[in-house]
Protein chains: 2
Amino acid sequence: MLEAAVERGRQVLPGVTLVRAGEPMAALLVVRSGSAKRYSVTLEGAEQIHGFVLPGEAVGLEGFASGRYTCEVSALEPLSYCRVPMRKLEQLLERLPGLRREMLRQLGQALDEAQRLRGELTQSDARGRVAHFLADLSERLARRGLSPTEFRLSMSRADIARHLGLTLETVSRALSTFKREGWLRVRARDISVLRPEALAALGGGCA
Amino acid sequence: MLEAAVERGRQVLPGVTLVRAGEPMAALLVVRSGSAKRYSVTLEGAEQIHGFVLPGEAVGLEGFASGRYTCEVSALEPLSYCRVPMRKLEQLLERLPGLRREMLRQLGQALDEAQRLRGELTQSDARGRVAHFLADLSERLARRGLSPTEFRLSMSRADIARHLGLTLETVSRALSTFKREGWLRVRARDISVLRPEALAALGGGCA
DNA sequence: CGCAAAATTTGATCCGCGTCAAGTGCCGAT
DNA sequence: ATCGGCACTTGACGCGGATCAAATTTTGCG
């Protein structure tokens with residue numbers, strides 16, 4: 001059923017752009033492995049990073065609004081994904097009530113997360129934001145069966161900073177602080193979380 | 001068709017809570033007139049304001065994620081709304097491909113706006129955020145056929161501040177600055193926008 | 001393996017916004 | 001009409017993070 005509609009996985013190299021802002025939304029993309037960044041480019045040419053796409057997550061859901069993608073998505077590592085053409089998707093939605101609910105669920109979740117993140121970011125200070133970012137990443141990795149305590153950041157400090165509305169220096173300082181406090185081990189882009197609860201306490205003030 | 005499924009409008013007074021976090025999502029609510037604030041309560045009891053609901057907008061779409069609402073929505077003014085029970089909604093989605101697309105479109109748009117807003121807020125300074133807030137409000141009012149230049153804020157400065165991740169003093173100062181520059185006229189909660197383009201320039205750096 | 005370029009860390013200084021503290025004006029109650 | 005309370009405005013000051021600058025590590029490549 002679903003499998004039959006899905007085009008065989010495709011592979012791309014780091015730096016390759018999967019979708020561009022303004023391009024018609026011809027298909028739904030789901031990342032199989034690797035990671036990507038979602039961003040839009042401001043008038044001044046700066047990247048505004050909306051978030052990072054991990055395995056199992058869909059790309060460009062916000063394109064449903066207008067039928068066109070509203071941001072760019074480009075691979076941060078070698079990445080494989082599968083692709084469901086919109087025409088196929090509509091046929092499937094016609095037939096499968098479960099898939100309808102699933103699509104609404106996914107969109108609802110994306111919306112919920114976007115809001116929650118916005119709340120976190122506007123309320124917290126720099127370290128709180130970085131802690132939250134790490135905790136969130138950790139949780140999403142765990143959801144995919146990967147280690148929540150040992151992972152490698154696929155994005156640069158600058159990408160993290162632009163995502164959190166900070167400067168890369170501030171992100172670096174926050175990581176150094178966490179390291180000094182004994183909450184993390186940091187070696188370049190390799191992270192070991194030693195005290196997840198400390199990060200969660202700083203990052204998550206939500207009920 | 002749609003009209004038949006919609007329960008007659010209901011009215012509530014200011015301060016009344018329409019939906020509560022954790023409550024099962026039994027129906028889709030759409031605001032007819034008046035306005036409301038969406039918020040969640042942090043562990044410390046502070047309100048985190050996710051946004052404001054204007055006429056024509058739906059309440060609690062993020063509830064699709066889990067079948068339960070994830071934030072509270074309470075009326076800021078006398079408010080009327082209509083209500084589509086979830087059971088009815090599913091039946092309609094079964095039969096109407098157009099409504100399916102419309103639901104996805106609405107969710108996509110909510111997602112797109114949440115992301116865009118997050119980007120704005122994390123990148124801009126205090127005046128940029130307030131300018132963006134006013135420009136956004138103005139645009140949404142215009143979309144409903146209301147005046148984009150003359151309106152009354154239904155929310156307090158404190159609500160605006162918590163929404164933007166600022167303090168109420170800073171919001172007040174931003175408004176005073178805009179007034180001094182001749183971009184706005186401000187009398188208590190009544191706003192006249194004199195130079196929309198100035199606000200847009202400060203508020204919107206997106207492509 | 002060694003070099004050059006890029007990414008990251010660390011340090012010093014400055015400024016915007018949060019905080020604390022007084023006013024000022026608007027609105028409802030009596 | 002007057003009073004009291006609350007929302008808002010305005011002012012003073014300190015701190016966290018942006019900015020500028022330089023050292024250090026990592027990575028990609030010949």
Side-chain angles (χ1 to χ4, degrees), chain A residues 13-15 37 44 46-49 76-78 120-134 152-181 183-192 202-203 205, chain B residues 13-15 37 44 46-49 76-78 120-134 152-181 183-192 202-203 205:
Chain A
L13 293 176
K37 61 175 175 179
E44 302 86 37
E47 284 183 8
Q48 237 190 40
I49 297 195
L76 289 167
E77 321 170 75
E120 248 335 289
L121 296 192
T122 53
Q123 306 294 336
S124 319
D125 62 4
R127 295 152 164 220
R129 295 185 200 187
V130 176
H132 181 268
F133 170 76
L134 290 173
R152 159 168 273 261
L153 298 174
S154 57
M155 68 294 288
S156 69
R157 302 284 192 269
D159 283 341
I160 299 174
R162 281 191 295 265
H163 176 49
L164 300 178
L166 301 169
T167 59
L168 64 91
E169 292 95 328
T170 301
V171 171
S172 177
R173 278 186 242 273
L175 290 175
S176 297
T177 304
F178 296 160
K179 191 165 60 174
R180 199 173 321 118
E181 303 277 344
W183 301 354
L184 294 182
R185 216 168 319 152
V186 182
R187 228 187 67 89
R189 293 193 180 183
D190 292 307
I191 303 284
S192 305
L202 248 192
Chain B
L13 293 175
K37 60 176 174 180
E44 301 87 36
E47 284 182 11
Q48 233 188 42
I49 297 196
L76 290 166
E77 321 169 75
E120 251 331 293
L121 296 191
T122 53
Q123 307 293 336
S124 319
D125 63 3
R127 295 149 163 224
R129 296 185 199 187
V130 176
H132 180 268
F133 170 75
L134 290 172
R152 157 168 274 261
L153 298 174
S154 57
M155 69 294 289
S156 69
R157 302 284 192 271
D159 284 340
I160 298 173
R162 281 191 296 263
H163 177 48
L164 300 178
L166 300 170
T167 60
L168 65 93
E169 292 94 329
T170 301
V171 171
S172 177
R173 278 187 245 271
L175 290 174
S176 297
T177 304
F178 297 161
K179 192 165 61 174
R180 198 173 321 116
E181 303 278 343
W183 300 354
L184 293 181
R185 215 167 320 151
V186 181
R187 227 186 69 90
R189 294 193 179 183
D190 292 308
I191 304 284
S192 305
L202 248 192

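Residue numbering restarts at 1 for every chain, and letters A, B, ... go by the order of the sequence lines.
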Inset, instruction - Can you establish whether the number of heavy atoms outside A/R185 located under 6.0 Å from its atom CZ is more than 12? - result: no
Inset, instruction - Go through C/dT8, D/dT26, C/dT10 for me and flag the one nearest to the A/S156 side chain. - result: C/dT8
Inset, instruction - Can you tell me the distance, in whole Å, between the CZ atom of A/F178 and the C1' atom of C/dT9? - result: 16 Å
Inset, instruction - Nearest whole angstrom, please: distance from the P of C/dA7 to the CG of A/D159. - result: 10 Å
Inset, instruction - Identify which nucleotide among D/dG17, D/dT10, C/dC17 has an atom closest to any side-chain atom of B/S172, counting heavy atoms from C-beta outward. - result: D/dT10
Inset, instruction - Measure the distance from CE on B/M155 to C1' on D/dC8 and round it to the nearest whole Å. - result: 16 Å
Legend entry - Nucleotide D/dT27, atom P - distance to CD of A/E77 in whole Å: 14 Å
Inset, instruction - Tell me which nucleotide among C/dG18, D/dC20, D/dT10 gets nearest to the side chain of B/E169. - result: D/dT10
Legend entry - Integer-rounded Å distance: C/dT10 P and A/R180 CZ: 7 Å
Legend entry - Nucleotide nearest B/T167 (side chain, heavy atoms from C-beta), chosen from D/dT10, C/dT9, C/dG18: C/dG18
Legend entry - Candidate nucleotides C/dC26, C/dT10, D/dT9, ranked by approach to the side chain of B/R187 - the nearest: C/dC26
Inset, instruction - Using whole Å, report how far NZ of B/K179 lies from P of D/dT10. - result: 6 Å
Legend entry - Interatomic distance, A/L153 CG vs C/dA7 P [rounded to whole Å]: 15 Å
Inset, instruction - Give the nucleotide from the list C/dC17, C/dT10, D/dG17 with an atom nearest to the side chain of B/T170. - result: C/dC17
Legend entry - Exercise: identify the closest heavy-atom pair between A/L76 and A/P14: O-CB, 3.9 Å
Legend entry - Any A/V130 side-chain heavy atom under 4.5 Å of A/T177 side chain: no
Legend entry - Donor-acceptor pair under 3.5 Å, B/R173 side chain vs C/dG18 base: no
Inset, instruction - Report yes if some heavy atom in the side chain of B/T122 is under 4.5 Å from a heavy atom in the side chain of A/L164; otherwise report no. - result: no
Legend entry - Nucleotide of D/dA18, D/dT9, C/dT9 approaching B/L168 most closely (side-chain heavy atoms): D/dT9
Legend entry - Nucleotide of D/dA18, D/dT9, C/dT9 approaching A/R157 most closely (side-chain heavy atoms): C/dT9
Inset, instruction - With DNA chain D as reference, determine whether A/A188 or A/S124 sits nearer its 5' end, using the nearest nucleotide of each. - result: A/S124
Legend entry - Which nucleotide in C/dT9, C/dA7, C/dT19 has an atom nearest any side-chain atom of A/R189: C/dA7
Legend entry - CZ on A/R187 to NZ on A/K179, rounded to 0.5 Å: 10.5 Å
Legend entry - Distance, rounded to the nearest Å, where A/L184 contributes CG and C/dT9 contributes C1': 15 Å
